[in-house]
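Take a look at the structure below.
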Amino acid sequence: MRLHFRALVAAGAFACVAPIAAQSQTDTALKLSTTIPQAASEFKAGVVDWTNYSFEAAASHFQAASKSDPNLGLARAMYAFIGGQITGELTQPQALAEADRAVADAAAHGNTNELLLATAYRESLRGNNESAGALFRAGSLLMPRDKIIALNGIAFPTSANNTMPALREFIAKNPDYPLGYNTLAYALWGQGDQAGAEQAAKRQVELNPNAPNPHDTYAEILQWNGKFPEATAEYTRATTLTPRFPEVYAGLAEVEALQGHYDQARAYLNQAIANAWSPPQKLNYMRQIAGTYVLQGNAPDAVAKQLEAVAAEAKAQQNQRAAAIAIAQEATVYGNIGNVSGAHQAIGTAKAINADVPWQVNFYAAMAHGLLKHWTPANQELAALKAKQAGDATVSDDMVAAAEGYLATQQGHPADALKILAAADTTSFVVMSRTAEAHAALGHTAEAARWNNKITSNYQLNLADFTAVNSRRRARSAK
């Protein structure tokens with residue numbers, strides 16, 4: 001799956017929603033309250049797609065279910081969760097408004113289990129992970145036949161927790177349940193067990209061969225393991241399955257871009273756009289096309305043109321924040337080629353779009369001024385970025401460290417830059433890239449090469465991540 005881990009505590013819903021007439025009040029699986037057959041049918045179709053991690057298709061079914069029966073609050077809650085937390089087709093305020101109505105409808109018209117789960121999804125949207133987790137765990141006790149609720153009660157295994165034994169116990173009890181292996185594959189990869197991750201992803205395909213996501217997951221793990229032909233084969237298989245899964249074209253683009261086949265990568269991304277489920281998804285693939293030009297290098301005009309297209313599309317979608325960020329990114333392109341007027345104009349345009357200037361605009365403005373060696377405005381933008389960091393939890397600490405480290409190095413203080421960067425996440429591509437740059441400035445050639453190699457030997461690629469793609473380009477060009 002392109003989501004490399006489950007969003008919050010739940011990226012799933014119910015493994016078995018039995019027909020209404022067949023259920024009794026003592027059932028241990030979800031019983032829908034709706035008496036409208038079309039609503040029940042759409043909800044169940046959404047559940048199937050959700051359990052296959054085909055989230056866009058699932059969202060369309062849950063939305064249809066809530067339209068067929070506006071009182072089916074749980075369907076609305078699940079549509080809100082997917083749209084706001086996973087696919088991005090809803091803004092956060094829109095998703096929360098839908099979720100609030102969903103809970104009210106579930107309370108007024110639904111049953112206890114529907115209300116419990118609708119509330120859990122709303123808490124997830126609100127960022128109240130502990131509350132959401134408690135509600136999902138309560139749901140797993142009330143509905144033990146629904147395996148995915150039990151799986152959602154297990155926090156995604158990381159180095160910071162000890163939930164891998166619980167996940168393995170779940171899989172041992174449910175060895176033929178595909179989703180357990182999806183979680184296991186990404187968890188094992190995160191813990192450095194590449195072979196184990198590949199085996200788990202392959203097992204999911206064996207158990208669920210007719211859904212696109214298992215092939216996408218397996219392909220992604222193969223890609224990360226550097227097995228490009230095998231990854232391409234699995235991604236290609238996924239393109240033949242339903243529902244349509246445009247993310248596999250993004251995967252194919254990643255494999256091609258990693259091999260330097262940029263025209264083919266862009267061709268795949270255009271296929272992704274043609275198959276996109278929503279305008280935000282289309283916008284993301286347009287960003288990825290810009291990423292291919294960045295990675296290709298020596299194509300500033302093409303990068304700038306594509307970023308202008310991204311900004312125009314974002315404006316058409318009423319996404320002023322995305323438009324501002326794309327134009328600010330364009331400023332760094334101009335800064336990199338010494339086009340002072342172009343960089344200054346882009347910064348001004350980005351800031352003028354909305355009075356609430358996104359922190360990313362300050363980041364890219366600092367970088368653009370730094371590239372032009374305009375230290376006073378660069379440091380002013382850094383100060384503005386750090387001020388926002390103090391009061392906004394969404395500001396990336398790693399991006400702040402990268403900007404501060406870059407400016408320190410360029411202004412003759414690479415040793416200070418290393419101290420700043422060492423306090424950040426040293427697995428972040430942009431932090432690794434700026435660390436290599438500081439070592440190079442200090443004459444630490446071997447150490448700089450070691451950091452750059454960490455980037456180039458890592459085949460996890462998100463072409464929409466402008467800073468990460470630039471970091472890969474710099475690392476590759478340093479060799």
So, do [X] and [Y] sit near enough that their side-chain heavy atoms are less than 4.5 Å apart?
X: Y406; Y: M367; answer: yes
X: N213; Y: N182; answer: yes
X: T349; Y: E330; answer: no
X: E198; Y: K227; answer: yes
X: R472; Y: L295; answer: yes

Check for me whether the distance between the ring centres of [X] and [Y] falls short of 6.0 Å.
X: F55; Y: W277; answer: no
X: Y459; Y: F228; answer: yes
X: Y79; Y: F81; answer: no
X: Y268; Y: Y235; answer: no

Counting distance only, does the side-chain N/O of [X] pair as donor-acceptor with the main-chain N or O of [Y] below 3.5 Å?
X: S433; Y: F429; value: no
X: Q306; Y: M286; value: yes
X: N339; Y: G342; value: yes
X: Q94; Y: T91; value: yes
X: S54; Y: A57; value: no
X: Q259; Y: V255; value: yes

task: Kindly determine whether N470 and R473 satisfy side chain to side chain donor-acceptor pair (under 3.5 Å), including the steps that lead there.
output: CA-CA 5 Å; N470 266 300; R473 175 186 58 80; 2.9 Å; yes
Regarding [X] and [Y], do their side chains bring together a donor and an acceptor under 3.5 Å, going by distance alone?
X: S131; Y: N129; value: no
X: T456; Y: R476; value: no
X: Q296; Y: R266; value: yes
X: D425; Y: T427; value: yes

- request: Measure up the W50 and Y121 rings against each other and bin them: parallel (under 30°), tilted (30 to 60°), perpendicular (over 60°).
  value: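 W50 vs Y121 ring planes: perpendicular.
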Could you list the donor-acceptor pairs under 3.5 angstrom formed between side-chain atoms of residues 317-324 and any protein atom two or more places apart in sequence or on another chain?
| unit_1 | atom_1 | unit_2 | atom_2 | d |
| --- | --- | --- | --- | --- |
| Q317 | NE2 | P279 | O | 2.8 |
| Q317 | NE2 | E313 | OE2 | 2.7 |
| N319 | OD1 | A322 | N | 3.0 |

- prompt: Listed by chain and number, what are the ring pair (Phe, Tyr, Trp, His ring centres under 6.0 Å) partners of H413, not counting sequence neighbours?
  reply: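 For H413 there are no ring pair (Phe, Tyr, Trp, His ring centres under 6.0 Å) partners, ignoring immediate neighbours.
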field: Whether over 12 other heavy atoms sit under 6.0 Å from Q389 CD
entry: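 More than 12 heavy atoms, drawn from other residues, nucleotides or ligands, come within 6.0 Å of this atom.
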query: Restricting to pairs with a member in residues 332-362, which pass ring pair (Phe, Tyr, Trp, His ring centres under 6.0 Å), not counting sequence neighbours?
result: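 Non-adjacent pairs meeting ring pair (Phe, Tyr, Trp, His ring centres under 6.0 Å): H344-H369, H344-H374.
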- prompt: With respect to Y249, which candidate in T239, I273, N270 satisfies the side-chain contact (heavy atoms from CB on, under 4.5 Å) definition?
  reply: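 Only one of T239, I273, N270 forms a side-chain contact (heavy atoms from CB on, under 4.5 Å) with Y249, namely T239.
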- request: Give the minimum heavy-atom separation between D49 and A58, together with the two atoms involved.
  value: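 Shortest heavy-atom separation between D49 and A58 comes out as CB-N, 3.7 Å.
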field: Shortest non-hydrogen contact between E254 and Q223, atoms and distance
entry: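 Shortest heavy-atom contact: OE1-NE2, 3.0 Å.
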query: When rounded to the nearest 0.5 angstrom, what is the spacing between CD in Q360 and OH in Y364?
result: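 The CD atom of Q360 sits 7.0 Å away from the OH atom of Y364.
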Steps toward ring-ring contact (aromatic ring centres under 6.0 Å, His included) verdict (Y262, Y293): CA-CA 8 Å; Y262 301 110; Y293 287 116; 8.8 Å; no
task: Take T394 and D392 through the side chain to side chain donor-acceptor pair (under 3.5 Å) test and state the conclusion after the steps.
output: CA-CA 5 Å; T394 69; D392 184 352; 2.7 Å; yes
